[in-house]
Asks: 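Sharing a structure below in structure tokens format, with a few things to ask.
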Amino acid sequence: MEQVTITFQDLKLNSDGMIPVVVQDHQTNEVLMVAYMNEEAFDKTCETLKMTYYSRSRNELWIKGETSGHYQYVKSLAIDCDNDTLLAKVEQVGAACHTGNYSCFYREIAL
């Protein structure tokens with residue numbers, strides 16, 4: 001994988017000034033969750049290597065695991081070809097989902 005230097009100003013943001021982040025288990029590549037980052041969350045994630053998001057429902061910065069102990073430690077961050085979505089590979093401690101499931105994607109739609 002090609003390594004690039006990216007700042008928040010290089011990212012193409014949604015109308016709320018945020019970028020979506022797809023989060024995967026770094027060992028299994030299982031998709032754990034999707035969340036959003038604003039500039040402060042992006043900078044804090046890069047600085048601490050703990051996944052930090054912006055909670056749109058609570059309108060505040062959210063360090064994943066701060067209250068539950070289910071931290072996500074950054075193993076790598078990637079950017080897509082359009083600079084509008086991040087892919088975070090993490091070491092997940094405990095459950096990623098607030099329901100207690102390891103992944104937020106634990107239900108399959110019957111087709």
Side-chain angles (χ1 to χ4, degrees):
M1 186 176 291
E2 176 186 352
Q3 292 222 335
V4 295
T5 301
I6 296 285
T7 66
F8 195 77
Q9 287 67 40
D10 297 318
L11 305 177
K12 293 181 184 168
L13 309 177
N14 67 14
S15 59
D16 295 331
M18 292 187 236
I19 189 163
V21 185
V22 177
V23 184
Q24 286 183 307
D25 181 293
H26 77 106
Q27 291 181 316
T28 67
N29 288 329
E30 181 178 2
V31 176
L32 302 176
M33 58 183 282
V34 175
Y36 290 85
M37 287 182 172
N38 63 4
E39 185 170 9
E40 186 179 5
F42 178 81
D43 290 345
K44 191 161 183 78
T45 295
C46 293
E47 174 189 324
T48 66
L49 298 181
K50 288 181 184 174
M51 290 304 294
T52 305
Y53 306 105
Y54 189 81
S55 171
R56 297 177 302 162
S57 60
R58 295 189 312 260
N59 292 319
E60 64 184 18
L61 211 60
W62 162 43
I63 299 169
K64 178 68 175 154
E66 194 169 54
T67 56
S68 66
H70 297 176
Y71 288 97
Q72 293 175 337
Y73 296 99
V74 179
K75 295 298 183 178
S76 68
L77 280 178
I79 185 76
D80 76 338
C81 58
D82 294 323
N83 281 14
D84 65 1
T85 304
L86 295 175
L87 173 63
K89 293 200 175 189
V90 303
E91 176 186 340
Q92 176 67 53
V93 175
C97 186
H98 74 280
T99 64
N101 287 284
Y102 185 67
S103 168
C104 292
F105 296 94
Y106 61 92
R107 300 176 297 160
E108 185 174 342
I109 298 172
L111 301 176

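Residues: numbered from 1 along the sequence shown. The figures that follow rest on heavy atoms only: side chains count, while hydrogens, waters and symmetry mates do not.
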Asks: To the closest 0.5 Å, what do you measure between NE2 (H70) and SG (C97)?
Replies: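 Between atom NE2 of H70 and atom SG of C97 there are 11.0 Å.
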Asks: Looking at NE2 of H98 and OG1 of T67, how far apart are the two atoms once the value is rounded to the nearest 0.5 Å?
Replies: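 If we round to the nearest 0.5 Å, H98:NE2 and T67:OG1 are 12.0 Å apart.
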Asks: Please report the shortest heavy-atom distance between C104 and A96, naming the atom on each side.
Replies: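 Result for this residue pair: SG-O, 4.3 Å.
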Asks: If you look at every heavy atom in M51 and A88, which pair is closest and at what distance?
Replies: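 That closest heavy-atom pairing would be CE-CB, 3.6 Å.
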Asks: Output yes when a side-chain donor or acceptor of H26 lies under 3.5 Å from a complementary backbone atom of K89, and no otherwise.
Replies: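 Absent.
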Asks: Donor-acceptor check, side chain of N83 to backbone of D10, threshold 3.5 angstrom: yes or no?
Replies: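 Judged by distance alone, yes, a pair lies under 3.5 Å.
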Asks: Assess, by modelled atom type and distance only, whether the side chains of D25 and Y102 contain a donor and an acceptor separated by less than 3.5 Å.
Replies: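 Judged by distance alone, the side chains do pair up.
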Asks: How close do E30 and S103 get, heavy atom to heavy atom, and via which atoms?
Replies: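 Scanning both residues completely, I find the closest heavy atoms to be OE2-CB, 3.4 Å.
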Asks: Which residue is it: L86, L77, L11? I am looking for the one with a side-chain contact (heavy atoms from CB on, under 4.5 Å) to I6.
Replies: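 The option that passes is L11.
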Asks: Return the minimal non-hydrogen interatomic distance between M1 and A78, and the atom names on each side.
Replies: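 Looking at all heavy atoms of both residues, the shortest contact is SD-CB, 4.2 Å.
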Asks: Would you find a donor on one side and an acceptor on the other, under 3.5 Å apart, between the side chain of T45 and the backbone of T52?
Replies: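 A pair under 3.5 Å: yes.
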Asks: Count I, L, V, M, F, W, Y as connected when their side-chain heavy atoms are under 4.5 Å apart, and connections chain through other members. Are V74 and I79 then in the same cluster?
Replies: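 Yes, V74 connects to I79 through the hydrophobic network.
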Asks: Do Y73 and I63 sit in the same hydrophobic cluster, where Ile, Leu, Val, Met, Phe, Trp and Tyr count as joined when their side-chain heavy atoms come under 4.5 Å apart?
Replies: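 Linked, Y73 and I63 end up in one cluster.
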Asks: If we ignore hydrogens and angles and just use 3.5 Å, is the side chain of T85 paired with the main-chain N or O of P20 as donor and acceptor?
Replies: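 Checked: no pair found.
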Asks: Would a hydrophobic clustering, with Ile, Leu, Val, Met, Phe, Trp and Tyr connected at side-chain separations under 4.5 Å, put L87 with F42?
Replies: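 No, L87 does not connect to F42 through the hydrophobic network.
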Asks: Are L49 and V90 connected in the hydrophobic side-chain network, where two residues link if heavy atoms are under 4.5 Å apart?
Replies: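 Yes, L49 connects to V90 through the hydrophobic network.
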Asks: Name the one of E60, K64, Q72 that satisfies side chain to side chain donor-acceptor pair (under 3.5 Å) with Y53?
Replies: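 Of the listed residues E60, K64, Q72, the side chain to side chain donor-acceptor pair (under 3.5 Å) partner of Y53 is Q72.
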Asks: Enumerate the side-chain hydrogen bond (donor to acceptor under 3.5 Å, both in side chains) contacts for residues 32-44, please, sequence neighbours excluded, ordered by first and then second residue.
Replies: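 Sorted pair list: Q9-E39.
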Asks: Cluster question for you: counting only ILVMFWY and a side-chain heavy-atom cut-off of under 4.5 Å, with indirect links fine, are V22 and W62 together?
Replies: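 Per the 4.5 Å side-chain linkage, V22 and W62 are not co-clustered.
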Asks: Could you pull out the closest heavy-atom pair between M18 and Y54, with the gap in Å?
Replies: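 Smallest heavy-atom distance, with atoms named: CE-CD2, 3.6 Å.
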Asks: Step through the shown structure and confirm whether more than 12 heavy atoms of other residues, nucleotides or ligands are within 6.0 Å of CZ on R58.
Replies: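 More than 12 within 6.0 Å, yes.
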